[in-house]
Structure formats: C-alpha cells, structure tokens
Amino acid sequence: METLTTHTMAVIGGGAAGFFGAINAAQKAKENNIALKITIFESGSQYLKKVRISGGGRCNVTHNLFDVNKFCENYPRGQRELRSPMQRFQAQDTLDWFSKQGVKIVAEDDGRMFPESNSSETIISTYLSLAEQYNIQTLNQHPIKSIQRNNDGSWNLQSRDESLFTFNYVLIATGSSPAGYKLAESLGHTITDRAPSLFSFKISNPLLYDLQGISFHRSQITLTVDKKKKFKQQGPTLITHWGLSGPAILKLSAWAAREMKLANYKAQLTINWVDLNHDQTKAIIEKIKTDSPKTQIKNTYPDILPKRFWLSLLKMLSIEEEKQWANITKKEVQQIINNLIQFSCEVQGQNRFKDEFVECGGISSKEINFKSMESKIAPGVYFAGEILDVDGITGGFNFQNAWTTSWIAAQDIASKTN
C-alpha cells in the first residue's frame with residue numbers, strides 16, 4: 001500500500017479567516033485523499049474573538065446580495081481585486097457552506113445576515129468542532145515573531161518562547177494586528193497607509209444634547225473633508241451621547257477613512273433628517289399650520305419626527321414652544337425647514353468600536369495573486385482577511401472578504417499538495 005506524503009500548513013491567526021482557511025484546506029485535502037497536517041497559531045488566549053462580538057454578539061456572517069459586481073461595490077478599498085475571487089466564492093457559497101454544516105443563515109430587512117440562532121456562539125462552536133473533526137491543531141497564546149524561508153522552500157516559524165516550527169505552506173490571517181504586518185514586512189511586503197475604517201462621529205451640538213437613542217430611519221448625509229472632498233450616504237442614523245452613529249455614519253467613515261485621518265477627524269456634516277426636499281417639507285409644515293392654528297407648536301408637529309427631537313430643534317432655534325401655530329412667522333418656518341433638510345454641524349473626532357473596529361490599509365494588492373491569495377514575493381506564503389488592503393462597509397462585507405480570500409487560499413494550498 002502506497003504511503004501518503006504528509007504536507008504541512010501553518011495558519012497564523014485564530015480568527016475568522018484563519019479558521020475558515022484551515023477548515024477548508026482540511027476538507028479539500030480529505031476530498032482529494034491528501035495527508036495535510038494543519039496547525040493554527042493564535043497569539044491571544046481566545047480564538048475567533050471578532051466573530052464572538054460581531055453584530056452585538058450575533059455575528060453578521062455576510063450580506064443578502066448575490067450579484068458579485070454589486071456586492072463588490074461595498075468595498076471602499078479592494079473592490080476590483082475581489083471581483084475574481086468572489087466569482088468563485090461569494091455570499092451564496094457562504095450560505096451553502098454553512099448549510100452543509102447544519103447552520104442556517106437568515107437575512108434581515110436591511111440585508112445583514114445572521115445565524116438563525118442569533119448567536120455568534122453557533123459560528124464559533126461550528127468552527128471549533130470542525131477543527132477537531134479534521135485534527136487541526138490549535139495553539140493559543142502562541143504568537144509567531146518571525147518567519148524565514150529554508151533552502152528547500154519550506155518555512156521556519158519561531159514563536160515568542162523561541163519554539164521553532166517548520167511548514168510547507170503558511171497562511172497569514174492576523175487581521176489588523178501589528179504583528180501580522182511586521183511578519184509581512186519581514187518577507188518584503190509593502191503595507192499601505194492604515195486608518196480606522198468603521199467609526200462613529202464625535203459631535204457637540206445643542207440640537208443633539210440629551211437625545212441619545214433617537215434614530216432616523218433614512219437620512220441623507222454629506223461629509224465634507226478639507227472643505228472640498230465630499231462623501232455622501234443615506235440610511236439609518238442614530239444619535240448617541242457623544243454624537244452620531246448608525247449605518248449611514250459608519251458607511252461614510254469607511255469611504256472617507258484615509259481623508260478623515262489626514263484631517264485629524266475634523267470635518268463638516270450636512271444632514272437631511274427627513275429624506276425630503278424643501279417643497280415636501282414646507283408642505284408638511286404649512287398643512288400643520290393651516291389645520292391646527294390654535295394648537296401650541298410643542299404639541300403638534302410633523303409625525304415623521306420624534307417629539308424629543310422636535311422640542312430640541314425649537315429650543316436651538318429659540319422658538320417659544322408655547323407659541324400657537326397661527327403665530328409662527330415665515331422666518332421661523334424657514335428656519336425649521338432649513339434645519340430639517342440641511343442641518344450643519346462640525347465633526348470633532350472619531351469614536352471607535354472597542355474590539356469590533358475595522359482598519360483600512362494592509363498588504364499592497366499589487367503584491368498578492370488574487371487567483372490564489374499567494375504572495376508574489378514569498379511563494380508558499382498566503383494572506384487572507386483584513387491583513388489585506390481590502391475593507392468593506394458595515395453589513396457583513398468584511399466577514400465575506402475573510403471567507404472568500406481564505407477559501408481561495410485553502411483551495412490553492414490543497415491543490416499543490418496533490
């Protein structure tokens with residue numbers, strides 16, 4: 001009986017891309033009757049940390065959008081590079097993969113997709129169970145501090161405790177960890193300018209005082225950086241105790257990530273709270289004025305607005321809330337309209353999500369073969385996930401980048417062991 005040659009694969013990083021890459025390489029190797037020994041090295045004590053906290057502990061697995069070109073439009077950086085990989089493994093393939101593992105993924109109205117259990121622990125337990133099933137060795141608290149090529153093309157990895165490991169193939173999936181970028185640079189890779197990519201805005205404005213928790217289903221927002229660079233988004237907006245957040249704000253932060261960093265997170269924000277134009281908004285105000293002339297303006301107001309917001313707007317504009325609609329002046333009506341559709345405020349800083357944040361920047365895309373995710377500089381070394389200069393807006397796009405790029409790397413590594 002022929003003895004199978006055992007190949008070895010190291011995965012540096014025990015997060016989303018690391019585990020998905022390891023499991024898929026093991027599945028492909030088994031399918032092809034190949035002996036592939038895989039080890040995952042995690043620097044921290046906990047595996048899959050971002051998976052655990054994503055989506056408020058629910059894990060936003062992917063997005064309910066199956067046209068690859070449209071899906072890729074949601075990546076401020078990397079959309080061109082991801083088109084080819086996603087033709088091979090896109091959101092629908094993610095759903096099918098999880099379905100085969102007995103995990104149903106369901107969509108919400110805004111397109112975000114979560115496990116039916118509504119718990120990230122479902123994803124984590126699936127990965128840990130599969131890793132055990134395929135005899136994937138997992139080593140936590142094992143940071144890799146150096147990687148060096150041997151004459152035979154294999155790779156030596158040295159951990160912080162000076163232990164030495166040798167592997168045929170290495171997949172680096174360390175997210176935005178500085179240690180991962182350091183390893184990539186030691187191999188000769190270029191790291192592009194890095195900046196926080198998903199963050200909320202710090203704003204101090206009288207209109208927003210004590211309104212935390214109020215949200216607007218569909219706002220139109222324009223962010224102006226350095227008085228000339230404009231970014232526009234529309235969608236849900238949330239008032240917080242430090243300023244503004246919500247999907248529309250997070251999308252703006254992703255598209256303007258580098259510009260905002262260069263501007264020290266100072267910018268101008270113009271908001272249409274009601275998603276209506278001037279004439280539509282004026283018609284609503286004039287109808288209230290006509291229909292309820294004797295009511296106090298604090299009690300009758302556009303039903304598209306939360307009462308607390310309306311009262312705060314009146315206070316900011318120094319309009320007496322006990323005044324009757326019949327006594328409202330044309331100037332006051334115009335002030336109300338202007339601030340509903342063209343409210344202006346200053347962004348004074350950024351507020352990052354503690355452990356869930358995403359960074360733009362990473363390994364230069366020119367140095368990666370996106371057909372295989374293999375390094376063009378160090379053959380045998382692969383990259384996947386957030387360590388790449390690829391980042392998506394909020395809504396499951398960053399996890400899909402992790403699944404797609406690690407799956408591509410896994411297929412290539414397993415095919416080379418034939």
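Ser253 places no side-chain N or O within 3.5 Å of a backbone atom of Ser200 that could act as its donor or acceptor partner. Distance alone, capped at 3.5 Å, is enough to place a donor-acceptor pair between the Thr404 side chain and the Phe89 backbone. Side-chain atoms of Arg77 come within 3.5 Å of backbone N or O of Ala254 as a donor-acceptor pair. Panel note: side chain Arg258, backbone Asp193; a donor-acceptor pair is recorded below 3.5 Å. Listed for the Thr405 side chain is a donor-acceptor partner under 3.5 Å among the backbone atoms of Gly385. A donor-acceptor contact shorter than 3.5 Å links the side chain of Lys289 to the backbone of Ile328. The backbone N or O of Lys371 lies less than 3.5 Å from a partner atom in the side chain of Asn369, making a donor-acceptor pair.
Looking at Lys416 and Asp412, a side-chain N of the basic residue comes within less than 4.0 Å of a carboxylate O on the acidic one, giving a salt bridge. Remark: Glu286 does not engage Lys282 in a salt bridge, criterion side-chain N to carboxylate O under 4.0 Å.
You'll find the ring centres of Tyr127 and Tyr47 outside the 6.0 Å limit.
Sparse packing is recorded around CZ of Arg160, with 12 or fewer heavy atoms of other residues, nucleotides or ligands lying under 6.0 Å away. By the 6.0 Å contact criterion, CD on Gln148 is open, its count of non-hydrogen atoms from other residues, nucleotides or ligands being 12 or less.
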In a table with atom names and distances, give each donor-acceptor pair under 3.5 Å that connects a side chain of residues 315-324 to protein atoms at least two apart or in another chain.
from   : atom 1 : to     : atom 2 : distance (Å)
Lys323 : NZ     : Glu332 : OE1    : 3.2
Lys323 : NZ     : Glu332 : OE2    : 3.0
Gln324 : NE2    : Lys294 : O      : 3.3

Exercise. Please walk me through it: do Asn339 and Gln335 pass side chain to side chain donor-acceptor pair (under 3.5 Å)?
Worked result: CA-CA 6 Å; Asn339 279 278; Gln335 283 181 311; over 6 Å; no

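Among the candidates His217, Gln280, Arg218, the single residue satisfying the side-chain hydrogen bond (donor to acceptor under 3.5 Å, both in side chains) test with Asp275 is Arg218.
Side-chain polar atoms of Thr224 and Lys230 form a donor-acceptor pair below 3.5 angstrom.
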